[in-house]
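Notes follow once the structure below has been shown.
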Amino acid sequence: MTDSAENERPSRHFIEVEIDRDLAEGRVQAVHTRFPPEPNGFLHLGHAKAICVDFGLAAQYGGLCNLRFDDTNPSKEETRFVEAIQEDVRWLGFDWGERQYYASDFFEQLYAFAEALIGAGDAYVDDLPVAEIRAQRGGPGVAGTESPFRSRSAEENLRLFRAMRAGEFQEGHCVLRAKIDMAHANLLMRDPVLYRILKAPHHRTGDAWCIYPTYDMAHGQCDAFEGVTHSLCSLEFENHRPLYEWLVQRLEVPFRPRQIEFSRLNVTHTVLSKRRLVELVEEGHVDGWDDPRLPTLQGMRRRGYPAEALRSFCARVGVTKVTSTAELSWLEDAVRSELNRTAPRRMAVQAPLRVVVTTIGEDEVIRCEAVDNPEDPSGATRPVELRREVLIEQDDFLEDAPRKFFRLRPGGSVRLRYGPVITCDEVIKDADGAVVELRCSHDPRTFGGVTPEGEKKVKGIIHWVAAATAEEVPLWTFEPLFMDPNPAALEDWRSDLNPTSRTEGTLWVEPAAAEAAPGETYQFERLGYYRADPAAAGLRFLRTVTLRDTWAKEQGKSS
RNA sequence: UACCCCGUGGUGUAAUUGGCAACACAACUGGUUUUGGUCCAGUCAUUCCAGGUUCGAGUCCUGGCGGGGUAACCA
């Protein structure tokens with residue numbers, strides 16, 4: 001998927017520069033990438049960036065992008081994750097055609113490569129226990145120690161490796177290691193493990209195998225099998241690149257792919273690591289993987305973040321090697337600007353205050369025309385019925401209003417959105433002095449946005465619903481999951497969880513919104529964007545994001 | 001401490017072969033508006049530091065300083 005803005009972008013990021021060079025020098029004829037998730041969890045916003053880069057770059061160069069499940073660790077992977085990932089990638093707007101692969105498609109070829117390595121004296125079977133291997137790897141600035149099994153003959157290694165495959169050893173009894181250099185400055189080059197024994201059923205190959213390649217043994221070779229030219233991944237794989245190249249140059253691969261790393265996405269007030277997300281879900285801090293507070297694709301989709309907004313957000317974030325953190329407001333801006341274009345407007349009241357318009361008769365019904373979306377050139381409208389009793393927002397009335405408050409006050413006037421101007425004649429309070437009702441009169445000359453000749457225009461316009469026809473609907477509103485901008489850096493992130501990340505309330509909506517189909521998104525005027533929760537039994541609105549509120553900001557300053 | 005990567009406004013990115021530091025978000029001003037929304041205009045930077053090369057350095061060179069990653073039989 002490419003958008004034209006992408007093509008018009010004047011400058012090129014460093015990966016594009018590399019690709020241009022590869023093309024110009026004839027190293028590749030076309031661009032082929034892949035998105036390689038491990039099916040051990042759900043996709044999140046960080047993956048969305050990777051997906052946009054992988055698929056986006058391929059599309060931009062008229063090339064292809066594969067979907068590849070990196071399933072080399074059967075103890076963690078499940079089919080349900082495969083299905084969820086497919087759905088998420090499609091929802092984000094990308095298509096891998098027929099090119100869906102699994103690392104496990106290539107287990108037999110990878111095994112043959114391992115034997116080839118053994119034959120060439122580049123790999124050996126090591127009987128050292130895990131702890132021993134770890135200890136002998138040395139450390140930063142400290143050379144490792146060679147394993148006593150390092151000098152086994154190719155014949156013996158081959159016999160042992162075949163015995164490993166045949167299931168003759170217990171899990172952990174031995175591994176296949178690359179024979180590189182135990183003193184290498186890059187710890188990953190100190191005879192990395194290539195194959196290990198794992199007696200766990202694999203979600204696709206069942207019990208056909210009891211030895212599995214490690215990430216390093218599998219990834220680059222799978223890239224080669226699939227014809228991937230540019231293997232794009234995140235920065236933490238930088239140190240793996242020498243190993244990637246070591247393998248790809250030593251093995252008889254059909255093509256030598258190339259790994260390029262870019263920085264992963266961080267966003268303020270949330271966490272984007274699979275481990276943290278698992279903890280949030282499993283410890284019950286949220287209600288599941290599709291909890292609208294989560295930055296998972298399922299959570300954001302449910303909440304109402306459009307795929308288009310996520311794509312434009314990822315495009316704006318850019319592609320670099322700098323460790324950086326995008327502000328949450330960026331994401332919200334992307335969501336708002338998309339929804340502003342597309343969401344039909346409706347009216348709803350969150351905290352109602354009863355207003356009796358005394359100049360409207362008991363059974364009188366006044367039809368007003370409301371614009372569905374001012375951003376939509378079609379100018380479609382819908383009727384809304386004004387009656388004697390309406391509900392307005394409590395916040396839209398203040399007894400002792402400051403000068404710049406241009407909503408309703410005693411004796412003051414406001415316009416009812418799409419309706420007439422009303423004036424507050426009387427304030428009715430209960431025994432405790434709380435305002436419970438307003439009595440107002442309306443000016444029939446002011447319908448249709450009209451201000452009579454020579455009279456002063458009212459500055460305030462407030463939303464409302466007719467009390468008789470409004471329907472009360474459950475509402476969930478959200479705040480960031482974490483209060484700290486960078487929860488990932490916290491020693492005790494649990495104590496930073498925002499206790500009001502979800503608030504349950506109600507919304508009084510106009511009839512035209514009460515029949516919302518699941519998944520439908522509206523802008524409730526002056527409040528925000530709301531989506532009918534597709535996961536709710538009945539109708540429930542989720543507040544996707546509020547509107548920008550400069551008045552609230554102003555108040556925050558003075559208080 | 002070993003190796004790898006990275007330092008441009010509050011944030012994220014730009015800046016042709018070395019040539020007026022640009023865009024977006026945020027913040028702050030103001031204008032328009034039947035949403036205090038949208039839209040429009042304006043304000044907000046000694047390019048980590050120190051030397052050097054040059055008529056001219058964010059860009060090139062040297063040396064510092066700072067940040068991140070890496071020591072799973074995870075990916």
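Note: hydrogens, waters and symmetry copies are ignored here, and every other heavy atom, side chains too, is used. A note on names: the letters A, B, ... follow the listed sequences, proteins ahead of strands, and every chain is numbered from 1.
- Between A/Tyr111 and A/Tyr195, the two ring planes are perpendicular [angle over 60°; tilted spans 30° to 60°].
- Listed candidates were B/G36, B/A75, B/C73. Nearest to the side chain of A/Asn73 is B/A75.
- Base pairing annotation: B/C3 forms a Watson-Crick or G-U wobble pair with B/G69, both donor-acceptor distances under 3.5 Å.
- A donor-acceptor pair is defined here as one N or O able to donate and one able to accept, closer than 3.5 Å; such a pair exists between the side chain of A/Arg190 and the backbone of A/Arg137.
- Here the side chains of A/Phe541 and A/Val509 are in contact, with some heavy-atom distance below 4.5 Å.
- Spacing between atom CZ of A/Arg196 and atom P of B/A75 amounts to 4 Å, rounded to whole angstrom units.
- Contact check on A/Asp122 versus A/Arg177 returns no salt bridge, with no Lys/Arg side-chain nitrogen under 4.0 Å from an Asp/Glu carboxylate oxygen.
- Nucleotides B/C23 and B/A45, compared at atom P, are 14 Å apart to the nearest Å.
- Put simply, CD1 on A/Ile180 is 15 Å from C1' on B/C3, counting in whole angstrom units.
- The CH2-C1' distance, from A/Trp246 to B/C3, rounds to 19 Å in whole Å.
- Here B/U35 is the nucleotide among B/U35, B/A75, B/C5 with the atom lying nearest to any side-chain atom of A/Glu525.
- Distance check on atom C1': B/U16 versus B/A75 gives 40 Å, rounded to whole Å.
- Nucleotide B/G63: paired with B/C49 (Watson-Crick or G-U wobble, both distances less than 3.5 Å).
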What N/O pairs connect the protein and nucleotides 15-23 of chain B at under 3.5 Å? Give each pair on its own line.
none

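- Residues from residues 41-54 of chain A that place a heavy atom under 4.0 Å from any atom of RNA chain B: there are none.
- Judged as a side chain to side chain donor-acceptor pair (under 3.5 Å), and not counting sequence neighbours, the contacts of A/Thr381 are A/Glu369.
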What nitrogen or oxygen pairs link the protein and nucleotides 7-10 of chain B at under 3.5 Å?
unit_1: B/G10; atom_1: N2; unit_2: A/Glu327; atom_2: OE1; d: 3.2

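- Distance A/Lys76 NZ to B/C73 P: 12 Å, rounded to the nearest Å.
- Checked by atom type, the side-chain pair A/Glu338/A/Tyr529 shows no donor-acceptor distance below 3.5 Å.
- Relative to the six-membered ring of A/Trp330, A/Arg316 meets both conditions, a distance below 6.0 Å and an angle of at most 45° to the axis.
- In this structure, A/Arg204 forms a cation-pi arrangement with A/Tyr102, its terminal cationic atom sitting closer than 6.0 Å to the ring centre and no more than 45° off the ring axis.
- Separation of the C1' atoms belonging to B/A72 and B/U8 is 38 Å when rounded to the nearest angstrom.
- Atom CZ in A/Phe313 sits roughly 14 Å away from atom P in B/C25 (whole-Å rounding).
- Where A/Gly460 and A/Pro37 meet RNA chain B, the nucleotide closest to each residue was compared, and A/Gly460 sits on the side nearer the 5' end.
- Candidate nucleotides B/G12, B/G36, B/A27 were compared by shortest atom distance to the side chain of A/Ile461, and B/G36 ranks first.
- Using cut-offs of 30° and 60° on the angle between ring planes, the pair A/Tyr212 and A/His202 is parallel.
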With 3.5 Å as the limit, what N/O pairs link the protein to nucleotides 67-71 of chain B?
unit_1: B/G69; atom_1: N2; unit_2: A/Asn239; atom_2: ND2; d: 3.0
unit_1: B/U70; atom_1: O4'; unit_2: A/Asn239; atom_2: ND2; d: 3.4

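- Out of B/U13, B/C25, B/A75, the shortest distance to the side chain of A/Ser324 is found at B/U13.
- Rounded to the nearest Å, the gap between the C1' atom of B/C49 and that of B/G37 is 46 Å.
- At a cut-off of 3.5 angstrom, counting only N and O atoms as typed in the model, there is no donor on one side facing an acceptor on the other between the side-chain of A/Arg316 and the base of B/U13.
- Using a 4.0 Å heavy-atom cutoff across all strands shown, A/Gly144 reaches no nucleic acid atom at all.
- When both pairing distances are held under 3.5 Å, B/U8 makes no Watson-Crick or G-U pair with any nucleotide shown.
- Between the CG atom of A/Asp395 and the P atom of B/U35 there is a distance of 19 Å, given to the nearest Å.
- Comparing A/Thr446 and A/Ala185, the nucleotide of RNA chain B nearest to each residue sits closer to the 5' end for A/Ala185.
- Annotation: B/U13 and B/G58 have their C1' atoms spaced 14 Å apart (nearest Å).
- For the contact set between residues 367-383 of chain A and RNA chain B, defined by any heavy atom under 4.0 Å, the members are A/Pro374, A/Glu375.
- The CH2 atom of A/Trp464 sits 15 Å away from the P atom of B/U35 (whole-angstrom rounding).
- Considering only side-chain atoms of A/Arg417, the nucleotide from B/G37, B/A75, B/U34 that sits closest is B/U34.
- Residue side chain A/Tyr215 fails the stacking definition with respect to B/A75, as its ring centre and the base's six-membered ring centre are not both under 5.5 angstrom apart and under 30 degrees in plane angle.
- Proximity note for A/Phe405 (side chain, C-beta onward) versus B/C74, B/G36, B/G37: the nearest is B/G36.
- Pairing for B/C28 is with B/G42, a Watson-Crick or G-U wobble pair whose two hydrogen-bonding atom distances lie under 3.5 Å.
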Task: side-chain contact (heavy atoms from CB on, under 4.5 Å) assessment of A/Ile15 paired with A/His230 - done: CA-CA 9 Å; A/Ile15 298 180; A/His230 299 269; over 6 Å; no
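- Atom NE2 in A/His13 sits about 9 Å away from atom P in B/A14, given to the nearest Å.
- Nucleotide B/A22 forms a Watson-Crick or G-U wobble pair with B/U13, both donor-acceptor distances falling under 3.5 Å.
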